[in-house]
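Presented below is the structure to which this report refers.
Reminder, nothing fancy here: chain letters follow the sequence lines and each chain counts from 1.
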Protein chains: 2
Amino acid sequence: MNTFSEENYLKAIFRLSQMPAVSKISTSAIAESLGNNPASVVDMIRKLTDKQLIEYDKKKGVKLTAQGEKDAIQIIRKHRLWEVFLLEKLEYRWDEIHDIAEELEHIKHTDLADRLDKFLGFPEYDPHGDPIPKANGKMAKSFSASLADGKTGSTYRVAAVRDTSSAFLQYLHKLKISIGTQIRLIEQIAFDQSLVISIDNGEPTTVSSKFVENILIS
Amino acid sequence: MNTFSEENYLKAIFRLSQMPAVSKISTSAIAESLGNNPASVVDMIRKLTDKQLIEYDKKKGVKLTAQGEKDAIQIIRKHRLWEVFLLEKLEYRWDEIHDIAEELEHIKHTDLADRLDKFLGFPEYDPHGDPIPKANGKMAKSFSASLADGKTGSTYRVAAVRDTSSAFLQYLHKLKISIGTQIRLIEQIAFDQSLVISIDNGEPTTVSSKFVENILIS
DNA sequence: TAATAAAATTAGTTTTGTCTAATTTTATTA
DNA sequence: TAATAAAATTAGACAAAACTAATTTTATTA
Ligand SMILES: [Mn+2]
Ligand SMILES: [Mn+2]
Ligand SMILES: [Mn+2]
Ligand SMILES: [Mn+2]
């Protein structure tokens with residue numbers, strides 16, 4: 001059985017392994033991802049290597065073993081299922097659920113994920129648009145196309161969000177954007193790449209390029 | 001904010017303070033209750049005293065402060081609400097829920113208990129018959145009359161269980177006894193105080209005195 | 001290539017919560 | 001009361017997970 005901390009490292013490593021831009025999972029990348037000191041990461045790399053959950057090669061960086069990936073996916077499964085529970089059953093807001101799920105994901109008991117899954121009606125996606133791994137570890141591909149790469153004049157459907165910080169989610173809430181919202185790209189401002197968009201055919205609104213980068217479309 | 005460990009100590013101390021047989025909450029009583037070494041308890045007594053959650057007097061033993069009791073009750077509230085959730089919503093068995101709730105009770109977030117309470121329809125008692133504290137900390141009195149003190153020939157309603165171990169609960173399950181079951185005391189065997197009982201007017205069954213001591217009646 | 005910068009690692013420290021073994025204090029009993 | 005037993009405490013150790021500061025290794029760039 002893995003500790004909370006080991007689980008958080010596995011999850012962070014898995015997340016990095018899913019990012020196409022990251023070719024090598026380095027000590028410093030893990031440290032940054034978790035907000036920890038690189039020296040602490042070195043210790044944990046040793047520990048997880050001993051437990052055969054990762055492999056570490058100075059050249060190639062960190063890689064999850066089959067077992068490590070399996071463990072990571074089960075934590076992600078629980079995280080996303082709990083998020084659905086918190087939003088749909090306990091009526092928490094979009095921007096509140098992630099942090100609570102961060103704690104709930106570590107609760108260990110045979111069947112817990114499966115029972116929760118059944119209770120929630122086997123949801124496919126979590127409230128941020130991320131796919132929920134199935135009991136067997138199979139997981140649909142995450143949405144990766146960003147609204148930032150959309151064409152001016154076209155309309156897109158919000159499928160997921162890249163950033164799950166409450167600052168971003170609260171901003172989305174304020175703009176009345178959620179999963180399923182239609183966004184039309186009206187114009188890009190040459191000066192700073194900010195964009196004029198229309199939300200569900202509403203009045204034009206200007207948002208930053210950083211903002212649209214964090215919106216994923218289907 | 002208190003750590004998991006501090007919370008478990010507060011809960012143990014609260015539980016001891018509710019036991020009429022316990023006149024003084026001693027280091028060793030806490031140690032036994034938690035399965036820890038007395039030396040560890042001494043350390044934690046110091047820590048909780050510094051945090052003003054308990055008061056310790058060599059003569060009178062340990063006492064929760066107002067704040068300590070408040071904190072303890074909130075953990076018990078969460079524990080019992082989660083137990084209801086696990087049984088009613090996730091369909092866990094009676095004997096499985098306690099251990100999972102032991103972990104869930106430590107999840108901290110404003111509102112979590114209140115939202116769960118609302119979602120569950122404001123239950124009064126947990127699946128073991130223990131009263132669930134209200135948001136304001138008010139709590140109905142626990143059932144304390146034991147079936148062991150019943151009169152031969154009389155019939156009693158099972159209101160709660162004193163022991164919540166899975167061994168005991170599985171045995172109850174096997175005997176088809178749960179909260180609300182009617183039990184008639186037929187005869188006490190002089191030799192070893194074992195009792196012949198009838199469960200919901202069924203065939204006579206013999207159980208030990210230890211067994212009936214752990215059944216609470218209303 | 002040599003100088004510099006960045007990344008990784010080592011060494012040592014801290015906090016939390018536990019332990020064992022030894023000792024001291026308190027209570028019980030002959 | 002004196003001897004003994006039980007309870008509480010102290011002292012010191014350990015594991016987990018983090019840290020800082022110093023050093024070494026690797027990569028980049030003049
Ligand atoms: Mn999340
Ligand atoms: Mn987490
Ligand atoms: Mn319980
Ligand atoms: Mn607990």
Gap between atoms [atom1] and [atom2], on [X] and [N] respectively (whole Å):
X: A:Lys58; N: C:dA7; atom1: NZ; atom2: P; value: 16 Å
X: B:Ile45; N: D:dT10; atom1: CD1; atom2: P; value: 11 Å
X: A:Leu48; N: D:dA16; atom1: CG; atom2: P; value: 12 Å
X: B:Asp43; N: D:dA13; atom1: CG; atom2: P; value: 15 Å
X: B:Asn37; N: C:dA22; atom1: CG; atom2: C1'; value: 13 Å
X: B:Lys60; N: D:dA8; atom1: NZ; atom2: C1'; value: 19 Å
X: B:Lys59; N: C:dA27; atom1: NZ; atom2: C1'; value: 12 Å
X: B:Glu32; N: D:dA6; atom1: CD; atom2: C1'; value: 14 Å

Across all strands, who's sitting opposite [N] as a Watson-Crick or G-U wobble pair, both distances under 3.5 Å?
N: D:dT20; value: C:dA11
N: C:dA27; value: D:dT4
N: C:dT18; value: D:dA13

Taking OP1 and OP2 of [N], is either one under 4.0 Å from a side-chain nitrogen or oxygen of [X]?
X: A:Ser26; N: C:dA7; value: no
X: B:Arg46; N: D:dT10; value: yes
X: B:Tyr56; N: D:dT9; value: yes
X: B:Ser5; N: C:dT18; value: yes
X: B:Ser28; N: D:dA8; value: yes

Any idea which of C:dT18, D:dT9, D:dA18 is nearest the A:Met44 side chain?
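Between C:dT18, D:dT9, D:dA18, the one nearest the side chain of A:Met44 would be D:dA18.
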From C-beta outward on A:Asn36, which listed nucleotide comes closest to its side chain: D:dA18, D:dA8, D:dA16?
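The answer is D:dA18, which lies nearest to the side chain.
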Cation over ring face, A:Lys210 and A:Phe168, 6.0 Å, 45°:
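Cation-pi check for A:Lys210 and A:Phe168: fails.
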Is B:Gln67 atom CD crowded by more than 12 heavy atoms from other residues, nucleotides or ligands, each under 6.0 Å away?
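Counting other residues, nucleotides and ligands, CD of B:Gln67 exceeds 12 neighbours.
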Given that B:Lys24 and B:Pro38 both sit by DNA chain C, which one's nearest nucleotide is further toward the 5' end?
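Per heavy-atom nearest nucleotide, the more 5' residue is B:Pro38.
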Counting any heavy atom closer than 4.0 Å, what does B:Phe4 reach on the DNA or RNA strands: base, sugar-phosphate only, or nothing?
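Here B:Phe4 touches no strand at all.
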Answer yes or no: is there a side-chain heavy-atom contact under 4.5 Å between B:Trp82 and B:Asp126?
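Side chain of B:Trp82 against side chain of B:Asp126, heavy atoms only: no contact under 4.5 Å found.
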Side chains of A:Lys89 and A:Phe119: closer than 4.5 Å at any heavy-atom pair?
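When only atoms from C-beta onward are counted, A:Phe119 and A:Lys89 do touch, with a gap below 4.5 Å.
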Once you measure the plane-to-plane angle for A:Phe85 and B:Phe85, does it fall in the parallel (<30°), tilted (30-60°) or perpendicular (>60°) bin?
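Aromatic pair A:Phe85/B:Phe85 classed tilted.
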Does the ring centre of B:Tyr9 sit less than 6.0 Å away from the ring centre of B:Phe4?
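Not under 6.0 Å, so no.
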Pick the closest DNA chain D nucleotide for A:Glu6 and for A:Ala39 by heavy atoms, then say which residue is nearer the 5' end.
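Here A:Glu6 is the residue nearer the 5' end.
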